[in-house]
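Position 1 is the first residue of the sequence, and the numbers go up from there.
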Amino acid sequence: MVEYPASNPLLYAWKPVGLAERIMPYSSVVVLTGAGISAESGLKTFRDNDGLWEGHPVLDVATPEAFHRDPKLVNTFYNQRRAQLLGGEVHPNAAHKALAAFEKNFKGEFTLVTQNVDDLHERGGSIEIYHMHGRLLQGKCGYCEHSFEIRSDLNHLDQCSECKRSGALRPDIVWFGEMPMYMDEIETKIRRCDLFVSIGTSAAVYPAAGFSDLARYCGAKTLELNLAPSSKSEDFSESILGPATQLVPQVFEEILETAI
């Protein structure tokens with residue numbers, strides 16, 4: 001694991017054993033992003049140091065059981081998150097834009113998987129994204145599973161436009177105890193990649209925490225870009241510490257240069 005001086009992170013992190021030996025012409029790249037990439041855009045995590053989410057235990061605001069007990073509380077919690085995302089003060093940062101530029105210019109296969117429910121990757125210019133934990137700007141009906149765009153407050157008592165039933169409108173977000181989305185597609189992409197990059201993740205929540213293990217098992221190089229060491233940093237081929245806004249543009253520019 002390498003921690004770099006902020007003045008020139010890539011020079012220190014990548015070149016000690018020779019840049020050509022560390023950067024290869026990859027043909028298939030999978031990137032996993034977590035909360036760390038959005039934090040630099042000013043997006044609150046809504047999770048306090050004591051583990052509470054806006055003063056609420058996670059089991060009270062992010063589980064199907066919580067919604068059944070108190071749908072108003074759960075929707076209010078996510079309405080606050082949605083309002084912050086759309087309030088005009090949160091914007092995609094250099095890391096989001098760098099990944100979008102890489103997707104546009106990379107000649108090989110590129111897959112972007114995110115644990116984030118915000119739309120900052122889309123606003124940054126990324127096109128094909130697997131939101132494995134759902135999207136904050138989507139709602140769904142708990143009865144018929146109909147999904148729809150939502151850019152205002154969500155009220156569970158409103159009527160579903162598809163099945164016409166009321167009382168079960170909720171965020172289209174994967175809560176604790178629910179199965180993440182697109183798992184088959186993501187696993188297929190990871191199995192055939194030759195570079196897997198984890199950006200801004202704690203590596204503590206499964207199944208995403210196991211993606212790097214699968215990639216390594218299938219022969220890919222695994223790279224972690226994180227502000228601080230994660231619980232799995234030592235398992236990566238390379239772990240580089242620093243802000244995503246500094247690391248991501250530099251690392252992905254170097255990868256792209258070798259691919260051209």
Steps toward side chain to side chain contact (heavy atoms under 4.5 Å, CB included) verdict (Asp70, Asp60): CA-CA 8 Å; Asp70 195 341; Asp60 287 349; over 6 Å; no

Of the non-hydrogen atoms in [X] and [Y], which two are nearest, and what is the gap between them?
X	Y	value
Leu137	Arg82	CD2-CG, 3.6 Å
Pro249	Ala98	CA-CB, 3.6 Å
Leu59	Arg69	O-NH2, 3.2 Å
Asp172	Ser147	OD2-OG, 2.8 Å
His133	Pro180	CD2-CB, 4.3 Å
Tyr143	Cys163	CB-SG, 4.3 Å

In Å and rounded to the nearest 0.5 Å, what is the [atom1] to [atom2] distance from [X] to [Y]?
X	Y	atom1	atom2	result
Ile37	Gln115	CD1	CD	11.5 Å
Ile186	Lys189	CD1	NZ	10.5 Å
Thr76	Leu154	OG1	CG	10.0 Å
Met132	Met179	CE	CE	10.0 Å
Tyr130	Thr114	OH	OG1	14.0 Å
His96	His121	NE2	NE2	5.0 Å

Establish whether [X] and [Y] are linked, either directly or via other cluster members, by ILVMFWY side-chain heavy-atom contacts under 4.5 Å.
X	Y	value
Met181	Ile150	no
Ile255	Phe196	no
Tyr182	Ile190	yes
Phe77	Val117	yes
Val30	Tyr26	no

Verdict with supporting geometry, Val74 and Arg170, side chain to side chain contact (heavy atoms under 4.5 Å, CB included): CA-CA 8 Å; Val74 172; Arg170 52 161 284 185; over 6 Å; no

A side-chain contact here means heavy atoms from C-beta on lying under 4.5 Å apart; do [X] and [Y] qualify?
X	Y	answer
Leu85	Arg123	yes
Asp119	Leu136	no
Val251	Val197	no
Leu256	Glu253	no
Asn155	Asn75	no
Ser161	His146	yes
Ser166	Leu157	no

Does the [X] side chain pair with the main chain of [Y], one donor and one acceptor, at a distance under 3.5 Å?
X	Y	value
Ser28	Asp194	no
Lys232	Ala209	yes
Ser237	Leu223	no
Asn226	Thr201	yes

What do the steps show when you test His131 against Gln138 for side chain to side chain contact (heavy atoms under 4.5 Å, CB included), and what is the final call? CA-CA 11 Å; His131 278 272; Gln138 291 284 123; over 6 Å; no

Under a 3.5 Å cutoff, is there a donor and acceptor pairing between the side chains of Asp118 and Ser38? yes

For Glu224 and Ser230, does a side-chain donor sit closer than 3.5 Å to a side-chain acceptor?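 The answer is yes; a qualifying pair exists.
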
Hey, can you tell me if Tyr78 and Trp175 have their rings parallel, tilted or perpendicular (30° and 60° cut-offs)? tilted

Any idea how Phe102 and Phe110 line up, ring-wise: parallel (<30°), tilted (30 to 60°), or perpendicular (>60°)? perpendicular

Quick one, Phe236 with Ser212, criterion side chain to side chain contact (heavy atoms under 4.5 Å, CB included). Give me CA distance, side-chain angles, the key distance, then yes/no. CA-CA 7 Å; Phe236 283 84; Ser212 60; 3.7 Å; yes

Quick check on Phe148: does its CZ atom have over 12 non-hydrogen neighbours (other residues, nucleotides or ligands) under 6.0 Å away? yes

Run Asn93 and Thr245 through side-chain hydrogen bond (donor to acceptor under 3.5 Å, both in side chains) and show every step you take. CA-CA 7 Å; Asn93 60 48; Thr245 50; over 6 Å; no

